[in-house]
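The structure appears right after this line, and notes come after that.
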Amino acid sequence: MIEFRNVSFTYGAMQGQRPVAAVRNLSLAIPRGSHVTLIGRNGSGKSTAARLMNGLLLPDEGQVLLDGMSTSDDDSIYEIRRRCAMVFQNPDNQIIGNTVRDDIAFGPANLGLSRETILERVEKSLEMTGLAGMGDRQPHELSGGQKQKLAIASALAMEPDYLVLDEATSMLDPAARQDIMDLVLELKKKRDLTIIQITHHMEEALMADHVYVISGGGIAFDGTPAEVFDQVERVREEGMAVPSHLEIARSLAKRLGQSYNREKILSFEGALEFVRQLLGNPGPLSGEVAVCPAEALLSGEEVIRVEDLSYAYDTSWGKPIAALENVSLTVSRGEILGIAGHTGSGKSTLIQHLNGLIPARPGTVEVLGRDLSDRKVIREIRREVGLLFQYPEDQLFEETVARDIAFAPLQQKRSPEEVERMVLRAARRLDIEDILDRSPFELSGGQRRRAAIAGILAAEPEIVILDEPAAGLDPEGRDLLFTDLMTLASEGATLIIVSHDMEVLTRLADRILIMKEGKNAGLGTPGQITASAAFLEEAHLDMPAPRRFLEEMAAFLPGLDTCYFSADGAVRALLAAGGVSRG
Amino acid sequence: MGKSMLGRSVPGNSLLHRLDARVKFLSAILIMAATLSIRDIRVMGLFILWTGLLMAVSRIRPGIILRSIRPLLFIIIFAVILHLFTVDGHLLFEWGVLRVTREGLVSGFMTAMRLSLMVINSSLLLTLTTAPLAIADALESLLRPLAWLRFPVHEFAMMMSIALRFVPTLMDEADKIMKAQSSRGADYDTGGLLGRARGLVSILVPLFISSFRRADDLAVAMDARCYSGEEGRTRLYTASLNKQDYAFLFAALVLLTLVILSRTLLSPLSGMMVAGLGL
């Protein structure tokens, strides 16, 4: 059992900085064998709470007990850390060994176990996590998902009773995330592990026995997933979201004045079953099915043209690896183009061609009618194409936010007045005018993300390309950011958004390009792209939940328009079709 | 993608891979000393044979082994040219002020071989066939006597091993930051000295900050896995030496002794014989 008794923790109290209270008077008890999830905004104190559990941080007030041992007791701290292993967010920053085997051996070696026992545990951990045979690999040869599996293997080698996952899936693509979740659930069963998970993915929270919603360093409210997610208003107040299928079932029941069983609609299938019965379940019928619009409404004025683009990486061991193969596409002015695909599908390589970071050889890339094979053209075109990398806050370097945003305008040798005007305009767009004078390094993660995006928009580019702009943000932060980006698009900018998140892309984009193994696997409207579940699965992408829900319902509701990508839209479609079938 | 050869071992199970890292470390030093002391072209021939044998034993593709010379290629070529034109002796041909002598040719060849063999031997014994952590462990073990002088041997070895681990990560990171700043209009290829220095700031500052953050994260991750310094920690790679280890160390010692003896005992070859053997 992990027990928090009136625990408070404040950062910076010792070092004479401005103290920031991260955990306030927190009391909770996590029994052995349970599966607990902590959710809450960025900066709500979840990670601090996790680090208090195994004595990585020690409480300023109160007590943290693990199986009755206090983390403040020097004699038991190593036993506590052995029993309560942790997996962190960033795959790269928690691998200590130079090979997979060395890394797994690091923990047991610290425990002073014999060489034979350690090697035995290494092999066992490799096998349990599906990494068997990879012991000699070096960390940089692993994918993100494999690195997190390695982190779990290294934790298992300590033979822990508790496993804390601190946003361990947040930097992974949907397929890898699912993989890690499956592994964790399997280990929980096999090894009788107690799981404590911190996450921004609400679907992951549904798998827990108990959910704590953390706010301002304390518990806002808690309960079983069914209890927590039934309180929609409170969940939203805390910056979280409600999974689509739950929301569809709930609002439909409310609109029709029906009661519902909150346990039953927790699973996707349960919610589907419930809605089927609610709408009278007329049984499989043959009827007309509404078809999604086949063409996006585009200006037709071409701003980007890519033709037969191929690219291969050089590797140190000889054979080049193909990252792009014969990709062609065009983008129209004012369009929002989504690009989706699994990790390594070539998305990042493709967008780096669009502002000349990678020269087009072989193939052609034309931006605003100019061929990027000319180096001089590339320099000029970079003013018109803003490219935002993943985790762009890593590129901030100036002393103040304002000076950092000014970097691009200054590179263009603009006059001081113009630079100031451009900085202000970009800051206003992202709602960060109040932090212009502060150092980027004392801001919260969300603010730094916004500052970095402002740094791209300051040059007032015609085309803005963003690689996973919302990665790591909580649901509220993500929605606010996309709202701001939509405003930008409505004012005429052309947007290209790269993301794994099909739910977001289908709601925002005019068209979506699906990349698969370096090839253009399909380009069309959200409706066209999501028409076939098998197609998306082959590309390792998720069908957006509202659309999936509607598709499942379509067999029972003739005339149901399945072309909706938000929970609200799905409810409207269901009501319309349900009315028709009854009348 | 990190293209560095640093810390990049080629997995395998050859005799060289299995040797104890401490033995390899010591042998590498002995062999390096021997290579630098070779004066006679016949002994050099013997050494080329030895290196060839070692390459065969390692079962690593020759192309990969030879690639380890690449970082030193410029220095090797420079040294050869220097020797070629500056050593006096029997004139072979003359071109303006440039005079090439037979002795210069031989001496250039010897220099090139000396440097190449040194690099090939040490990378065969260490970087290519030994896991970086094993090298760090070996170093720690060999430096142990320094602990008497209060030198933090364990911490030093751990630092080395972590530094090696993060070389590829930081190279990827530097590449990403450079591309991000280029996208904001930074130009690292043109511009004056001041402009370039300023450009460097926009790469180095984010790189430093992210390194600090990584160091922080890593320290927490090490704590979480019960790291508490050297005390009570199992060393994975320091098993006791076996027959093969002793035999290899002995072979390295014999080589060094042979080279040193050859410097006094072997009579110098006459000029004609040098030409016959060397060319």
Side-chain angles (χ1 to χ4, degrees), chain A residues 51 54 56 78 81-82 85-86 88 90 92-99 102 105-115 118-119 136 138-140 154-155 158 313-318 352 355 357 379 382-383 385-389 392 394-398 407-408 411-412 441 455-456 459, chain B residues 1-5 7-11 61 63-64 67 131-134 136 161-162 164-169 172-173 176-177 179-187 201-206 209-210 213-218 220-228 231-236 239:
Chain A
R51 285 172 189 205
N54 60 355
L56 288 174
Y78 292 113
R81 287 183 185 161
R82 184 196 68 75
M86 237 173 146
F88 300 88
N90 190 323
D92 275 315
N93 298 359
Q94 56 186 318
I95 301 176
I96 300 143
N98 278 283
T99 63
D102 285 351
F106 181 80
N110 288 333
L111 299 177
L113 302 171
S114 75
R115 198 166 169 268
I118 293 176
L119 294 178
D136 290 321
Q138 294 181 20
H140 61 263
S154 298
M158 309 284 279
Y313 281 107
D314 277 333
T315 55
S316 56
W317 55 90
Q352 286 179 38
N355 75 345
L357 281 176
R379 288 202 58 190
R382 282 200 186 144
R383 300 176 173 203
V385 182
L387 174 58
L388 186 84
F389 278 80
D394 291 349
Q395 78 201 27
L396 300 174
F397 71 101
E398 281 285 11
F407 183 75
Q411 294 293 322
Q412 298 177 4
F441 306 112
I456 298 293
Chain B
M1 300 277 152
K3 294 190 181 87
S4 148
M5 289 298 289
R8 192 159 278 191
S9 58
V10 181
R61 281 214 327 265
I64 295 178
R67 212 181 292 173
L133 198 63
S161 138
I162 289 176
L164 281 173
R165 144 81 183 89
F166 275 93
V167 166
T169 312
D172 284 353
E173 176 110 7
K176 183 192 144 187
I177 292 172
K179 280 178 169 171
Q181 308 296 34
S182 299
S183 298
R184 292 210 275 169
D187 186 355
V201 171
S202 68
I203 298 177
L204 288 181
V205 172
I209 287 166
S210 97
R213 202 191 52 239
R214 284 184 196 281
D216 244 13
D217 283 3
L218 195 70
V220 172
M222 287 168 78
D223 271 345
R225 278 152 76 184
C226 296
Y227 181 69
S228 60
E231 215 174 304
R233 191 173 146 76
T234 316
R235 266 198 293 282
L236 270 183

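Worth saying up front: this structure is predicted, and the values here are computed from it rather than measured. Below, chain A is the first sequence line, B the second, and so on; all start at residue 1.
For the atom pair CG of A:Asp394 and CZ of B:Arg213, the computed distance is 5.0 Å after rounding to the nearest 0.5 Å.
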- Go through the steps for A:Leu357 and B:Ser183 under the test side-chain contact (heavy atoms from CB on, under 4.5 Å), then give the verdict. CA-CA 8 Å; A:Leu357 281 176; B:Ser183 298; 3.5 Å; yes

- Go through the steps to decide whether B:Leu218 and A:Gln94 satisfy the test side-chain contact (heavy atoms from CB on, under 4.5 Å), and finish with yes or no. CA-CA 5 Å; B:Leu218 195 70; A:Gln94 56 186 318; 5.8 Å; no

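Note: A:Ser154 leads A:Ala85, A:Pro392, A:Ser154, A:Gly386 in heavy-atom pairs under 4.5 Å with chain B. Counting heavy-atom pairs closer than 4.5 Å to chain B, the top residue among A:Leu119, A:Ile95, A:Leu388, A:Asn54 is A:Ile95. Comparing B:Ser210, B:Ala186, B:Ala215 by heavy-atom pairs within less than 4.5 Å of chain A, the highest count is held by B:Ala186. The choice from A:Pro139, A:Ser114, A:Ala105, A:Ala459 that makes the most heavy-atom pairs within less than 4.5 Å of chain B is A:Pro139. Comparing A:Ala408, A:Gly107, A:Gly112, A:Ala109 by heavy-atom pairs within less than 4.5 Å of chain B, the highest count is held by A:Ala109. Of the residues considered (A:Leu113, A:Asn355, A:Val385, A:Leu56), A:Leu56 shows the highest number of contacts with chain B, using heavy-atom pairs under 4.5 Å.
Formation of a donor-acceptor pair under 3.5 Å by the A:Asn98 side chain with backbone atoms of B:Ser161 is found in this model. Of the possible donor and acceptor atoms, none in the side chain of A:Arg82 sits under 3.5 Å from a partner among the backbone N and O of B:Cys226.
Nearest heavy-atom pair, B:Arg184 versus A:Ile456, reported as atom, atom and distance to 0.1 Å: CG-CD1, 4.0 Å. In plain terms, the two heavy atoms of B:Ala180 and A:Gln395 that are nearest each other are CB-OE1, 3.1 Å. Nearest heavy-atom pair, B:Arg233 versus A:Phe106, reported as atom, atom and distance to 0.1 Å: NH1-O, 3.4 Å. Across all non-hydrogen atoms, the minimal contact from A:Asp92 to B:Thr169 is CG-CG2, 4.1 Å.
B:Val220 is listed as a side-chain neighbour of A:Arg51, based on a closest heavy-atom distance under 4.5 Å. Put simply, the side chain of A:Phe88 does not reach to within 4.5 Å of the side chain of B:Asp217, judged on heavy atoms. A:Ile96 has its side chain out of reach of B:Arg165: every pair of non-hydrogen atoms, C-beta onward, lies at least 4.5 Å apart.
For A:Leu387, the parts lying near chain B are the backbone and the side chain together; criterion is any non-hydrogen pair under 4.5 Å.
Not counting sequence neighbours, B:Asp216 has no partner by the side-chain hydrogen bond (donor to acceptor under 3.5 Å, both in side chains) test.
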